[in-house]
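The structure appears right after this line, and notes come after that.
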Amino acid sequence: MKHNVLIFLAITLVLVTSGCQNNADTSNAWVQVEQVEPSYRNLMPVPASLELQKGKFYLDDSFQIVIQGEPDKRLYAAIGRTVKRLSGRTGLFLPQVFFDRDDKPTAPQMIIEVKKPAEIQFGMDEAYQLDISEKRISLKAETDVGALRGLETFLQLLDADAQGYFLPALTINDSPRFPWRGLLIDACRHFMPVDVIKRNLDGMAAVKLNVLHWHLTEDQGFRVESKTHPKLHELGSDGFYYTHEQIKDVIAYAADRGIRVIPEFDLPGHATSWLVAYPELASAPGPYAIERKWGIMDPTFNPAIEETYIFLDAFLKEMTSLFTDDYVHIGGDENKGHHWDKNEKIQAFKQDMDFADNAALQNYFNQRLLSTLKSNGKKMIGWDEILHEDMPKDIVLQSWRGREAMITAAQRGYRSLLSNGYYIDLHQPTDYHYLNDPLPPDSPLNEREQTFILGGEATMWAEFVSPEIIDSRIWPRTAAIAERFWSASSVRDVDDMYRRLKITSFHLEELGLTHEKNYPMMLRRLTGNRDVSALKTLVDAIESVKTYNRNRQRTHFSYTPLTRVIDAARPDAEVARLFRNDVTDFLENGASDKTISASLIQRLQLWASNHEKLLVVIEVSPILHEIRPMSENLSAVAKLGLEAMMAIESGDKAGREWLKQSATIIEQAGKPVAQTELRILPAIEALVGFVE
Ligand code: ACM
């Protein structure tokens, strides 16, 4: 073995030192020039149909747009924004950044034809047709919202060659697969100021999402001003709430982008912050304080007293006039009924009313809310717990505990959305969400039942996000989920999704989203403004622990800082994913592919020597002390990976002692450190496992 290893090491050193001298950065942050595909291959979501034609439409300073038909004024503003993004990318001086509805250019190259304004409600028409030829661009849509969707596609089609910026000649006919394509933003666990909501609305519009589900009340915060019951926001919010003016502003901003805003008032559980102001409406005696911990809490409205309904009737009346969507979300999730069980009067009420269980009691509560909503002209949506045979068929259920709830609901004639599998707060990889189809080919639902599946929503629960990092949890993964809701179910090539996602992610940045740019900034802060390269090498290779394990491993509170290494680390770490893919390729193609093996070795060497460099920084950055064992693990497993590669390439058998040591190193590295996990580990294990 020794001789082979020496030759191998020599080759390795030559490869590493010659090709990759200045490339200490494994993050692969840039799309390599030779990897850039023509723009029509990069669309996300993929349109329903695309026919490529011959030719290119070149853009220059004379580019002008004209509108025909009767759109809402939102389209004029949208054209201004589109032109601004276009000029921002191209450097062209385009006067229609200030688009004027009375503008009648003599020789417009782009004609947008819209029949009528859309009403921003469920079921709005979002279809469009985009025709690009060498001399002309035509965008046609029944509604202005269709035109907005088409403008986003138009921007994604911008391409460049030596002659300049152009769009490829083609015809696109496009419309969504599902009518309800949402993102939930929890503004309660951590408050999200209006600008955070707005930049995410821009991101949503860019990938053709059409519902912002705004989670506004929780144990940890009551986030909406109430003029009828001001104690609610005064006592329940720590001062962090949206005023009516801000809410109206956000609704208008969303409507301008063809996005509905659905408020959620989570009832009867998840209610601590309401009960701070109104303990007399609770099921257990107060006083109550705003909750600082995470988890499922007991404070619950008392469903057995009329005062609860008088209060909620007035509150919901106020909210239904503030929010313009036909639907209001009443929550309904995770009411364990502990405080109901302990309250004798509630038990007596249950008996008097002949309710078999707490579910029946909660259904009674929901029915009372339903009649309030109906009398205010609204429809109800709630989490899957609200499904009950007494509920009318015009409610919508949001399935989160499993897809079975969605299937059962559809079989019983209820409409529903899928959120199970789209919990982006749980740090699962993009392909996991992407391949989660509300209606996969093997769906047990018949044709009629399938029409009851309205779409889905990604859920950005906010226990572990601040305004600084929320974008990096939403984006770019939510763009892949948006494609799942918009594009045909047959669009499911994971490699191609990742390729396009990277391009989409860069496009999303121009909207002010911070998912890419905050990462280096957070690393700088962690090192106290010292060199971040070694820290970046580590953080690129790790992720947060998954699902609900973060809080299990260390109790967090609403005041816990979200500035630690785990918070800088991003979901679905690209470096780790590419390493896993390359190891798989390497092992499948045998050791014959020298390019892959050289590149793997380069990465392994970088990691192997990283701890020594990072230690210098860790020692003077106390906030990094907790991550030291992870840094040691990274280097230890990288050395192991190098040894495994040497053995594989030389065809040597592993000694028993080496295998034993490897198992110990791998076991050690498999333990979470500071609630993070080493995402390159499975690939190292695969390499080691290959050595026999
Ligand atoms: C939920 O995640 N409790 C709806």
Side-chain angles (χ1 to χ4, degrees), residues 180 182-190 192 211-223 262-274 291 293-301 327-339 358-359 362-363 365-366 369 380-388 391 395-409 414-428 432-433 436 438 454-465 470 473-474 477-478 481 544 546-552 556 558 571:
W180 191 310
L183 169 66
L184 175 151
I185 296 183
D186 169 7
C188 301
R189 270 56 175 256
H190 284 97
M192 297 297 151
V211 176
L212 169 67
H213 172 164
W214 207 357
H215 187 77
L216 288 169
T217 68
E218 253 309 333
D219 296 303
Q220 294 85 1
F222 191 93
R223 302 298 181 204
I262 295 179
E264 179 182 348
F265 308 105
D266 206 346
L267 295 160
H270 286 272
T272 311
S273 69
W274 309 61
E291 183 60 67
K293 292 194 301 294
W294 308 132
I296 304 170
M297 309 302 166
D298 286 332
T300 311
F301 272 89
Y327 286 82
V328 171
H329 203 299
I330 59 119
D333 57 321
E334 295 182 310
N335 169 26
K336 302 288 179 207
H338 294 150
H339 282 189
N358 284 342
Q362 185 164 344
N363 179 58
F365 175 86
N366 292 343
L369 297 192
M380 180 187 274
I381 169 170
W383 297 107
D384 56 47
E385 285 95 330
I386 75 163
L387 178 60
H388 190 279
M391 275 286 169
I395 64 162
V396 173
L397 298 156
Q398 186 163 9
S399 190
W400 72 280
R401 291 177 297 175
R403 63 168 50 232
E404 298 72 29
M406 178 193 77
I407 289 163
T408 309
Y414 290 93
R415 293 171 310 153
S416 62
L417 307 175
L418 186 63
S419 273
N420 179 264
Y422 303 123
Y423 267 45
I424 52 176
D425 59 317
L426 302 185
H427 286 261
Q428 276 147 327
Y432 165 81
H433 299 302
N436 181 49
L454 305 182
E457 287 184 2
T459 54
M460 184 66 263
W461 298 110
E463 283 89 342
F464 301 110
V465 292
I470 187 170
R473 277 50 182 157
I474 297 176
R477 289 180 303 159
T478 297
I481 298 174
S544 163
K546 305 290 170 285
T547 66
Y548 298 99
N549 285 323
R550 177 171 182 169
N551 210 44
R552 287 184 191 129
H556 290 62
S558 54

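Numbering of ligands and ligand atoms starts at 1, following listing order. Scope of the values below: all heavy atoms of this structure, side chains included, with no hydrogens, waters or symmetry mates. Owing to the predicted nature of the structure, the values given are computational and were not obtained by experimental measurement.
Counting only heavy atoms from C-beta outward, the side chains of D266 and E218 approach each other to under 4.5 Å. Within the 4.5 Å cutoff, the side chain of I262 has heavy atoms near those of the W180 side chain.
In the vicinity of W461, heavy-atom distances shorter than 4.0 Å reach the ligand 1 atoms 1 (C), 2 (O), 4 (C). Atoms of ligand 1 lying under 4.0 Å from at least one heavy atom of Y423, given by number and element, are 1 (C), 2 (O), 4 (C).
For the residue pair W383 and E264, a side-chain donor N or O sits within less than 3.5 Å of a side-chain acceptor on the partner.
Annotation: W400 places no N or O atom under 3.5 Å from an N or O atom of ligand 1; distance criterion only.
The distance from atom OG of S544 to atom CD of Q428, rounded to the nearest 0.5 Å, is 10.5 Å.
The protein non-hydrogen atom at the shortest distance from atom 3 (N) of ligand 1 is D333 OD2, 2.6 Å.
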